[in-house]
K.L.:
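Take a look at this one; I'll ask things after.
Naming: A, B, ... by sequence-line order, numbering from 1 per chain.
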Number of protein chains: 2
Amino acid sequence: MSRDTSKPRHHHGDLRNALVQAGIDLLEDGGIEALTLRKCAARAGVSHAAPAHHFGGLPGLRAAIAEEGFRIFSSYMQEARRQGDPSARGQLKSICRGYLRFGLDHAGILTVIFGNQGLASLVPGRNQETADAYQILREVCAPFVPEGGHCRVIEFQVWSLIHGFTLLCLAGEFGPPRQALETGVFDQVIALLEHLGPPDPALRS
Amino acid sequence: MSRDTSKPRHHHGDLRNALVQAGIDLLEDGGIEALTLRKCAARAGVSHAAPAHHFGGLPGLRAAIAEEGFRIFSSYMQEARRQGDPSARGQLKSICRGYLRFGLDHAGILTVIFGNQGLASLVPGRNQETADAYQILREVCAPFVPEGGHCRVIEFQVWSLIHGFTLLCLAGEFGPPRQALETGVFDQVIALLEHLGPPDPALRS
DNA sequence: ATATCAACTTGACACCGTCAAGTCCTTCAT
DNA sequence: ATGAAGGACTTGACGGTGTCAAGTTGATAT
């Protein structure tokens, strides 16, 4: 027996998650401008002020979506590492490719994650998924850290390069975004990574 | 004899430029969220619908601001090239530094220029200032293009690296943004450029 | 059975972008 | 000089938005 839906129900049960999912759907459909507290509420079938109750306001909703978005991002990174050539360079190339693919697949989520005030302010102290994604970057970069060098430098270099490339692709600066993955432009750009310090011989393919 | 300001004047004379400047001021003060047609109008002392008359709507205002913003960006690039070490690598480092400095000085403008839909859609066919800024990048990258290589590849690599680093700095991913310029982190990151192809001997310092 | 309290609704407010209609002022043809 | 034309700007209205205060519902604890 299904519940009566003709009258407003006051305990949705899982409204918070439903609102986050509704927000992600709006984001994927209409971009960052379409993400609205009231539209989230309407899509979840609740009153217009319900989201504010759970998230405090629009920034809170964005933070919750960023958290979930990072979970998706992390899954892209893990999948990329699984699929990539097992060599150190193959792994690095593959996660860069995964980064770009995530950006093209989920441009709106990327905007929310790294948008405006940045992740740092959205999710103070980070969360598990953030740490997971960054850990993958660390691991894949590790073989390229020169003896006595700072691992952060390599990570920052790789992160900056692929992040910038992804955003400029989305902005259309390199031509039609989808084309970037299919043509060789992407491979040529990350070819710069070939010039990184010599990978650990133990991990060389 | 100054004009009567007690009654609304219907021909401002230079309202379009005044509105763009008001918009830039709003952007610098309160970030991208503070850029509003009505606030622009108020700051310029005109009615709330005046901006729409000149720019068609909010996207049009953003496009006009992006155009002016690119002029500022271009001046940063030119100044950087003037100040940099005259060697090919010194020039490259200096314009990267100029890019980052522009981002830190004018985060809101950077957001408008490369935000969301990207410059490509904002200024179809680009304009002179856009071409100027890109020309500087091309010139500074030229010595690093390997024989028979595609110059676009080097340009895309450099652009991606510095763009990504700037945005991640602004997002706070590398710690307090201002610190990035002062400490050596920035130099370490763009040290990746040291691995670019050998500069033209004629331009080597 | 009753009190408590979180979950959600309702209603209001100010601000926003946009549109239609109106007013002012310049310019240009006569 | 005069009048038509039209651009520059105003006024007023509309629906959508975030946020707040107050109310209502329903599960839970006593």
K.L.:
Tell me: CG of A/Leu61 to P of D/dT17, nearest whole Å?
P.N.:
13 Å

K.L.:
Which listed nucleotide (C/dT9, D/dT17, C/dG17) is nearest to the side chain of B/Leu58?
P.N.:
C/dG17

K.L.:
With a non-hydrogen cut-off below 4.0 angstrom, is A/Ala52 in contact with a base, only sugar-phosphate, or nothing?
P.N.:
nothing

K.L.:
Take the protein atom NE2 of A/His54 and the nucleotide atom C1' of D/dT19, then report the distance between them rounded to whole Å.
P.N.:
16 Å

K.L.:
Roughly how many Å is it from CG in A/Leu26 to C1' in D/dG16, rounded to a whole number?
P.N.:
14 Å

K.L.:
Is there side-chain contact between B/Phe165 and A/Leu161, with at least one heavy-atom pair below 4.5 Å?
P.N.:
no

K.L.:
Taking NE2 from B/His53 and C1' from D/dT10, how many angstroms apart are they, rounded to a whole number?
P.N.:
11 Å

K.L.:
What is the distance, to the nearest angstrom, from the CZ atom on A/Arg38 to the P atom on C/dT10?
P.N.:
13 Å

K.L.:
Is there a side-chain contact between A/Leu61 and A/Pro51, using heavy atoms and a 4.5 Å cut-off?
P.N.:
no

K.L.:
Under 4.0 Å: is that the gap between some side-chain N or O of A/Lys39 and OP1 or OP2 of D/dG16?
P.N.:
no

K.L.:
B/Glu33 CD to C/dG17 P: how many Å, rounded?
P.N.:
12 Å

K.L.:
Below 4.5 Å, heavy atoms only, C-beta onward: do A/Met77 and A/Phe102 meet side chain to side chain?
P.N.:
no

K.L.:
Checking only heavy atoms, does the side chain of A/His48 share a donor-acceptor pair with the base of C/dG11 at less than 3.5 Å?
P.N.:
yes

K.L.:
Rounded to the nearest Å, what distance is computed from the CG atom of residue B/Leu19 to the P atom of nucleotide D/dA8?
P.N.:
13 Å

K.L.:
The test is ring pair (Phe, Tyr, Trp, His ring centres under 6.0 Å); show your working for A/Phe73 and A/Tyr76 and say whether it passes.
P.N.:
CA-CA 5 Å; A/Phe73 176 64; A/Tyr76 268 72; 8.0 Å; no

K.L.:
Round to the nearest Å and state the distance from B/Leu37 atom CG to D/dT10 atom P.
P.N.:
14 Å

